[in-house]
Amino acid sequence: MEKNYNHIAIENRFIKTLNTPPTHDDKKPKYYCLDMFPYPSAGGLHVGHWRGYVFSDVISRYKMLLGYRVLHPMGFDAFGLPTENYALQNNIHPAVATKEAIENYKRQLKDIGAVYNWDNELSTTDPKYYKWTQWIFLKMFEEGLAYEKEMPLNWCTTCKIVKANEEVADGVCDRCGTVASKKMLRQWMLKITKYADRLLNDLDQLDWPQKVKKMQSDWIGKSFGVSVKFDIKEHNDAIEVFTTRPDTLFGATFMVLAPEHPMVSRLLTPEQNTVVQEYIQTAGTKSAIDRMADKEKTGVFTGSYCINPLSGEPMPIWVADYVLIDYGTGAVMGVPAHDQRDYEFAQKFDILITKVIEGNEEEPNQAYTGSGIMINSGQFNGQNSTDAVTNITNYLEERGFGEKQINYKLRDWVFSRQRYWGEPIPLIHCQKCGIVGVPENQLPVLLPETESYRPTETGESPLAAIPEFVNTTCPKCNAPAKRETNTMPQWAGSSWYFLRYPDCHNNDELASKEALKNLPVDMYVGGVEHAVLHLLYARFYTKFLQDIDIVEFGEPFKKLFNQGMIVKDGAKMSKSKGNVVNPDDIIAKYGRDTLRMYSLFMGPPELDVEWDDASIEGVYRYLNRLYRLIEENRGKEDIESPELTFLRHKMVKEITYRIDNFSFNTVISGFMEYTNKITAAAKVEGGLNRDLLNTMVIIIAPFAPFIASELWEGLGNDGSVFEAAWPSYDEEKTKETTITIALQINGKLRGTLTIDANEPKEQIISRAKDELKIDGATKKEIYVPQKIVNIVV
RNA sequence: GCCCGAGUGGCGGAAUAGGCAGACGCACAGGACUUAAAAUCCUGCGAGGUUACACUCGUAUCGGUUCAAGUCCGAUCUCGGGCACCA
């Protein structure tokens, strides 16, 4: 007999069929299983990337066997920086680089034996696709969700280009190492903040990892507080601040404005003018790196004062960069006694510190931020500070000094990029009519083919240098006009692609109502790195499309699964680290089934796992044992025995339960365990029956589709194993007739006892006492059915 | 700094609802088969202890609840992740 099963021959024979999805039967219930689509980078896939794709493939195949009409599509998120940078470095046009990379990815994805609906393939760079990316933007523009704003952008003075946030990690340009500075430029924004509450509240209905929901809600950052007005001395004006701690208001001894705050210039006294102007100047050009938390506070006094509305005391107005212009009102009341940052500031600049809450666990040289008893707070003295929050809020509202307010950390989305490789924003600037949307029937606005796609030194998009693109006529008045030259961010195309798959060739609408019945996505599989941005943007798009009646649901992804990474030598696999495991080598040596099974067996699917060259051997040995077991028993006639029946039903129950709980590593160990038991039973019974063998082959098919296909055929079955039905089990038959239970004295294990499944409690306890040689009085006798007897003496 | 999550043999890990800790696999050791090796099969494999049992200890540390704790509660330590001057 052959040493090992011939995985190469088997895989070559079945790979084509296994890559092809079964024909749809529309009467079946739908199941939409989606992978986060990849950026097709030039490096291709390594075994680390495969892990997520194996999960989704296993789920898809399992659901097929359960009788679902499974949609499992794949596409490519091909616009964006990685491709553009690769193209720039290698002097190849991004369109060409993209095409090559996609071909390579498709080949590799087919190579795992994954079943995808390739007829539904899409790419975000396809004009037929981005026509609709632009269309959604137009709708947002029409609804007033898209607007223009001057925004500071990361600017590298050496490269003289605008840098995306992800290109200035740690505050320096990733290309040349120069500390990035800020440059003010006109940007397109999307009003995602309008959806903040819905994005927050609807998290409740999602079957997502708690961690991801938490990250999203932290990102949205809703906080309840009061907006308070402080009258400015000698000005007929007031400063408004947002605070979540109105109970500390009597302790507010100074006011701080962000350097960008519009009121600053009006508040400057002549003697303070120069120093403040200088401070604002430096703060403005400061990079993110200098604004880090552990740095000492800086700031300057404006010369003006405002009045504390409760204490009536004057408060000096300062300017400091620890106050952010884009949160709250851009102004903060300084309460040094009860806020650590204000405390540090007051210490440094010698500002009055007034304590207004008496706490239990105060530490020296620290602000006390807890709750306690109110002091120095006029009529509120003696109250608990948590009550004072409400009471002072009401007091302020009654006198018109302030009102309740809700604030969010979530900011509007900077939506434009000064890059070539993205969707052109479909707007036209007309002298007379202002900004006009490109009419729907003129979509898509094609990205012009050009050789000059490098980032420019003006901070403008490369498209601005292409007159044929820029110059157009106004759709409203026909006068000469100019096109918007900024492009969309990479996120644009990925914010709605899941809607397009079921109907990706539709040229008249984003997707038909009928096709959209495949939505929402039942299972979304991908890396946790998209926990915030991509998922938040996709949810925002979906809610918007719900509002304009394109879709009927508000949440796109019912269930989310984040797979862990495969690491090698403690680090994420990457070419630069030289720790990449090439799937081709593994396939040649062990085959695709082994690689698939091993990538699941390695550890819990949601955690990072370490690749081990030695351990994969064990999975390969297992598949060989399984192959031999079935080959050796396939000629046998029906052999029935209670033991075989029990094993069959128990195995199906266990494996099904574990799959449904996403515990794939224990699914694989379960296969091994039951194969061992069945092998032993086969020796005792003299063989195995057909039903048991077929059952084994079907339940392993989603995990090891190649060997399963071969064995299915070998067992004399017609058609593909994936046309079979997932086996059911009979609960009664999963129960053992005799059970070994543990015997304890005082909670310590002292022996075991084999009992009959329906033996009465009294008999079991008395047999247990005999076994343990206890005949005197006992304090307590505990019997947990089918598990344990514990005698306390 | 704040907020999450996790700590189990030589290693990856298992333990569904508080009930025999270490399933399954790797590595290792011994044996069978073989002229020999590879492959395969069998046996052992937490620590101490014993000729062998018995017994004792053991799930990061300390304490608690319970007949019974890897699992629940409180404190501490370590590691991983997220946010980071958000008023």
Side-chain angles (χ1 to χ4, degrees), chain A residues 1-4 209-219 221-223 225 241-245 248 252 256 258 291-295 297 320-324 326-335 338-342 344-345 369 407-411 528-529 531-532 597-598 601-604 606-619 621-622 624-625 628 654 657-658 660-661 663 665-676 679 740-753 778-793:
Chain A
M1 192 167 147
E2 288 258 355
K3 207 164 72 173
N4 291 318
Q210 272 313 313
K211 179 180 156 187
V212 175
K213 290 207 229 179
K214 179 87 169 45
M215 281 164 74
Q216 293 230 342
S217 76
D218 285 353
W219 189 264
K222 185 176 188 174
S223 56
V241 305
F242 172 75
T243 179
T244 54
R245 292 293 304 274
T248 65
V256 199
R291 280 208 176 193
M292 285 297 180
D294 53 352
K295 252 205 65 195
K297 298 274 176 294
D321 67 2
Y322 81 90
V323 174
L324 308 174
D326 50 4
Y327 182 78
T329 59
V332 164
M333 63 179 200
V335 186
H338 305 292
D339 181 283
Q340 189 57 27
R341 296 151 303 184
D342 296 342
E344 285 163 22
F345 192 79
T369 55
N407 250 308
Y408 300 90
K409 287 188 195 176
L410 184 68
R411 313 284 154 85
V528 72
E529 66 272 21
V532 179
M597 296 265 284
Y598 177 59
F601 183 56
M602 293 171 86
E606 68 280 5
L607 299 182
D608 291 354
V609 283
E610 172 82 25
W611 178 270
D612 180 11
D613 288 322
S615 288
I616 192 170
E617 192 83 35
V619 174
R621 282 180 207 151
Y622 165 71
N624 276 301
R625 281 202 301 276
R628 248 177 278 133
E654 285 283 316
Y657 179 87
R658 293 176 190 188
D660 290 338
N661 282 283
S663 182
N665 52 329
T666 63
V667 170
I668 309 297
S669 69
F671 283 138
M672 294 172 171
E673 199 180 331
Y674 279 96
T675 304
N676 291 346
T679 306
T740 305
I741 63 166
L743 303 182
Q744 295 184 335
I745 300 175
N746 298 337
K748 290 204 185 278
L749 186 69
R750 283 296 178 271
T752 56
L753 184 69
T778 59
K779 237 189 203 160
K780 205 168 187 181
E781 291 156 4
I782 291 137
Y783 172 59
V784 182
Q786 330 251 305
K787 292 255 164 76
I788 211 163
V789 173
N790 187 16
I791 312 278
V792 187
V793 294

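Throughout, a chain's letter reflects where its sequence line sits, starting with A, and its residues are numbered from 1.
- Considering only side-chain N and O atoms, Tyr622(A) lies nowhere under 4.0 angstrom from the phosphate OP1 or OP2 of rG25(B).
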Please list, pair by pair, any protein nitrogen or oxygen found under 3.5 Å from a nitrogen or oxygen in nucleotides 1-10 of chain B.
residue : atom : partner   : partner atom : Å
rC3(B)  : O2'  : Lys214(A) : NZ           : 2.5

For nucleotides 42-46 of chain B, list the nitrogen or oxygen atoms of the protein found under 3.5 Å from its nitrogen or oxygen atoms, one pair per line.
none

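- A search for side-chain hydrogen bond (donor to acceptor under 3.5 Å, both in side chains) contacts involving Arg625(A) returns nothing, not counting sequence neighbours.
- Note: NZ (Lys222(A)) to P (rA87(B)) measures 14 Å, nearest angstrom.
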Per-residue pairing states of RNA chain B in dot-bracket (Watson-Crick or G-U under 3.5 Å; . unpaired, | other strand) read (((((((..(((......[....))).(((((.......))))).(((......)))..(((((..]....))))))))))))....
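- Residue Leu410(A) contributes atom CG, which lies 12 Å from atom P of rA84(B) at whole-angstrom precision.
- A cation-pi arrangement is found for Lys297(A) relative to Tyr322(A), the charged atom lying closer than 6.0 Å to the ring centre and inside a 45° cone about the ring normal.
- Listed by chain and number, the residues in a salt bridge (charged side-chain N to carboxylate O under 4.0 Å, His left out) with Glu673(A) are Lys677(A) (sequence neighbours excluded).
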Under 3.5 Å, which N/O atoms of the protein pair with N/O atoms of nucleotides 16-21 of chain B?
residue : atom : partner   : partner atom : Å
rU16(B) : O2   : Tyr657(A) : OH           : 2.4
rU16(B) : O4   : Glu654(A) : OE2          : 2.8
rC20(B) : N4   : Thr740(A) : O            : 3.1

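- Within the 4.0 angstrom heavy-atom criterion, no nucleotide atom of any strand lies near Glu610(A).
- Asp612(A) pairs by the salt bridge (charged side-chain N to carboxylate O under 4.0 Å, His left out) definition with nothing, not counting sequence neighbours.
- If Lys409(A) and Val532(A) are placed on RNA chain B by their nearest nucleotide, the residue sitting closer to the 5' end is Val532(A).
- With sequence neighbours left out, Arg750(A) forms a salt bridge (charged side-chain N to carboxylate O under 4.0 Å, His left out) with no residue at all.
- Residue Lys779(A) places no side-chain atom within donor-acceptor reach of the base of rC67(B), judged by atom type and a 3.5 Å distance cut-off alone.
- Glycosidic conformation, rG80(B): anti, with the torsion outside 90° of 0.
- The phosphate of rG25(B) has neither OP1 nor OP2 within less than 4.0 Å of any side-chain N or O from Asn665(A).
- Annotation: of the two residues near RNA chain B, Lys748(A) and Thr243(A), the 5′-most nearest-nucleotide partner is Lys748(A).
- Using a 4.0 Å heavy-atom distance criterion, Arg411(A) is classed as a base contact.
- Listed by chain and number, the residues in a salt bridge (charged side-chain N to carboxylate O under 4.0 Å, His left out) with Lys222(A) are Asp197(A) (sequence neighbours excluded).
- Side-chain atoms of Arg628(A) lie closest to rU40(B) of the nucleotides rG13(B), rU40(B), rA87(B).
- Rounded to whole Å, atom C1' of rA14(B) lies 14 Å from atom OH of Tyr674(A).
- Residue-level contact check: Asn676(A) touches the backbone only, with heavy atoms under 4.0 Å from sugar-phosphate atoms and none from bases.
- Considering only residues two or more places apart in sequence or on other chains, Trp219(A) meets the ring-ring contact (aromatic ring centres under 6.0 Å, His included) condition with none of them.
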Tabulated below should be each protein N or O lying under 3.5 Å from an N or O of nucleotides 26-28 of chain B; please produce it.
residue : atom : partner   : partner atom : Å
rC26(B) : OP1  : Arg621(A) : NH1          : 2.5

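- The side-chain hydrogen bond (donor to acceptor under 3.5 Å, both in side chains) search around Tyr622(A) returns Thr675(A), not counting sequence neighbours.
- Look at the C1' atom in both rG74(B) and rA21(B): the space between them is 24 Å, to the nearest Å.
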Start with the C-alpha distance between Leu743(A) and Val789(A), add both sets of side-chain angles, then the distance that settles side-chain contact (heavy atoms from CB on, under 4.5 Å), and finish with yes or no. CA-CA 5 Å; Leu743(A) 303 182; Val789(A) 173; 3.9 Å; yes
